[in-house]
Amino acid sequence: MHILVTGHTGFKGAWLSLILASRGHDVSGIALDPLPGGLFERADIASLLRDDIRLDIRDRAGLEYAVGATGADLVMHLAAQPLVRESYSDPRTTFETNVDGTLNVLEAIAATPATKAAVIVTTDKVYRNIGQRAGYVETDALGGDDPYSASKAMADILTHSWMTSFPGAPTAIARAGNVIGGGDVSKDRLLVDLVAGFEAATPVSIRYPDAVRPWQHVLDCLSGYLTLADALLAGAGTGAWNFGPDPDSFQTVRQIADAGAELWGDGARWVDESGGHLHEAALLTLDSSKAKRELGWHNTLPFPGGLEWTIEWERAVRGGADARDVTLAQIERFTERAGDASWTRRF
Ligand SMILES: NC(=O)c1ccc[n+]([C@@H]2O[C@H](COP(=O)([O-])OP(=O)(O)OC[C@H]3O[C@@H](n4cnc5c(N)ncnc54)[C@H](O)[C@@H]3O)[C@@H](O)[C@H]2O)c1
């Protein structure tokens, strides 16, 4: 199968491209240039691709041409401005990329008869956070206070409207939360900062050590996206789907930092700089019962598994191991462990 991944140069997109290529699919990508030192560069993903297209998804005409030229069977749309803090400093780029960019992708797919299905990736932050303890379900109200969350909620509503209003390739929305895994180099992500500090033997300052966060390994998230794509290609699965970690993977930042430091070894440390900061907004979690019940998906690497695999990856690659080999070995181990919950059916 020929699969087009938008955002293939990013963290999730690079893992997804490697999974698909390693399973014998043709993979093409559309994205901006990769950040230095991330998985895309380290594992030389470019050499595995049929088309490696560097294009801004805000360029409507260029995107329509590029998607049509690839003629992919399946489109996985991951390209986005995904950082909350960045969305405050540059809200216009965030809205244009996440909203207009998604509209451009949907239009380009509609103009490409070869495309049989599409998965549009949003986030857990699309839900209006009303401070409830229970996980949010797919029918809960959408909203979003910060520009990133609002832009993703808008992309989600836009995709729903598009799917409902226009016949075309079966489309689904995938909502997942914060993910961890080897090769992430994005700004403002706890594990990225921790690992950089551990390696440099510089203790990392942590401001909200008691904040509880849901942690999910990138492979569990991607197995959800691919299970969904599988369902779409089989004539089911349209609509919105949550793919979140289970409650046993909700841990405080302190627990993650402590466990990460211990796994890293070499006297790795972090520093508590909470000094009276007020607590952040209530934890927002996903209820993924629908995906478990109807798609047969489940998490395979609950805490501490996902954290162990992330530290293992970073330790090995920063110690000189080949990034592609390390990533492929983790993909194979995951496939064995996950069984039916992995991409073993069509992918
Ligand atoms: N990583 C997480 O914890 C997380 C959590 C929830 C949702 N998501 C969603 O998953 C998707 C992938 O996230 P990620 O963590 O891999 O992010 P990332 O920042 O690592 O990658 C983003 C990708 O989008 C591309 N991109 C950004 N702006 C673009 C533009 N204008 N035109 C073309 N390409 C553009 C980048 O080049 C890159 O390939 C995003 O849609 C994000 O919102 C991520």
Side-chain angles (χ1 to χ4, degrees), residues 4-18 28-42 45-46 49 52-60 62-63 66-67 75-87 90 92-105 108 119-127 144 146-156 159 173-192 213-222 224-225 241-245 249 284-286 306 310:
L4 171 62
V5 178
T6 74
H8 67 297
T9 58
F11 171 55
K12 281 189 195 176
W15 273 89
L16 181 59
S17 301
L18 187 50
S28 294
I30 295 177
L32 303 179
D33 291 339
L35 291 176
L39 178 65
F40 185 85
E41 206 179 72
R42 286 190 189 239
I45 305 290
L49 299 173
D52 178 8
I53 303 165
R54 304 298 166 85
L55 177 80
D56 194 318
I57 58 168
R58 292 173 294 171
D59 172 357
R60 181 181 169 192
L63 188 72
V67 173
V75 175
M76 311 277 294
H77 174 46
L78 281 74
Q81 191 304 95
L83 304 172
V84 174
R85 205 187 292 199
E86 179 79 19
S87 79
D90 192 352
R92 172 162 290 277
T93 302
T94 303
F95 282 110
E96 286 180 355
T97 303
N98 297 354
V99 185
D100 298 358
T102 300
L103 177 59
N104 292 342
V105 168
V119 174
I120 307 296
V121 168
T122 65
T123 171
D124 56 355
K125 293 193 173 65
V126 296
Y127 291 108
D146 64 86
Y148 168 69
S149 304
S151 71
K152 280 291 195 170
M154 289 164 74
D156 204 298
T159 305
I173 298 165
R175 302 170 181 158
N178 282 351
V179 293
I180 57 174
D184 194 1
V185 285
S186 295
K187 283 186 282 181
D188 301 334
R189 290 187 182 159
L190 174 70
L191 262 184
V192 177
R213 296 269 181 269
W215 307 93
Q216 185 183 45
H217 193 269
V218 62
L219 287 171
D220 274 326
C221 168
L222 295 177
Y225 296 173
W241 300 84
N242 290 343
F243 298 101
S249 293
L284 186 156
T285 61
L286 295 175
T310 305

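We count ligands from 1, going down the list as the structure has it; atoms in each ligand are counted the same way.
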Discussion item. Can you tell whether the side chains of R58 and D100 come within less than 4.0 Å, N to carboxylate O?
Written reply: no

Practice prompt. Heavy-atom contacts with T123 under 4.0 Å: which atoms of ligand 1 show up? List them by number with element.
Written response: 6 (C), 7 (C)

Item to complete: With heavy atoms of Y148 as the reference, note each atom of ligand 1 found under 4.0 Å away.
Response: 7 (C), 42 (C), 43 (O)

Practice prompt. Mind checking whether L55 contacts ligand 1 via backbone (N, CA, C, O), side chain (CB onward), both or neither, at a 4.0 Å heavy-atom cut-off?
Written response: backbone

Worksheet item: Between K152 and ligand 1, which part of the residue brings a heavy atom under 4.0 Å of the ligand: side chain, backbone, both or neither?
Response: side chain

Worksheet item: Who gets closest to atom 27 (C) of ligand 1 by heavy atom: S151, A80, G181?
Response: A80

Item to complete: With heavy atoms only and a cut-off of under 4.0 Å, state how P34 meets ligand 1: side chain, backbone, both or neither.
Response: neither

Item to complete: Go through ligand 1 atom by atom and flag the ones less than 4.0 Å from a non-hydrogen atom of G177.
Response: 3 (O), 4 (C), 5 (C), 6 (C)

Item to complete: Within a distance under 4.0 Å of any heavy atom of L78, pick out the atoms of ligand 1 and give their elements.
Response: 11 (C), 12 (C), 40 (C), 41 (O)

Discussion item. Minimum distance, heavy atoms only, to atom 19 (O) of ligand 1: which one of G10, G7, P82 is it?
Written reply: P82

Item to complete: Apply ring-ring contact (aromatic ring centres under 6.0 Å, His included) to Y148 and list each qualifying residue two or more places apart in sequence or on a separate chain.
Response: none

Worksheet item: More than 12 foreign heavy atoms under 6.0 Å from CZ of R189: is that the case here?
Response: yes

Response to the item:
Under 4.0 Å from one or more heavy atoms of A79, ligand 1 contributes atoms 24 (O), 34 (N), 35 (C)

Worksheet entry | Per-atom contacts, ligand 1 versus V179 - under 4.0 Å to a heavy atom | 1 (N), 2 (C), 3 (O)

Discussion item. Heavy-atom distances under 4.0 Å decide this one: backbone, side chain, both or neither, for T97 against ligand 1?
Written reply: side chain

Worksheet item: Backbone, side chain, both or neither: what part of F243 comes under 4.0 angstrom of ligand 1, heavy atoms only?
Response: neither

Item to complete: For ligand 1, indicate whether the residue T122 contacts it via side chain, backbone, both or neither (heavy-atom separation under 4.0 Å).
Response: backbone

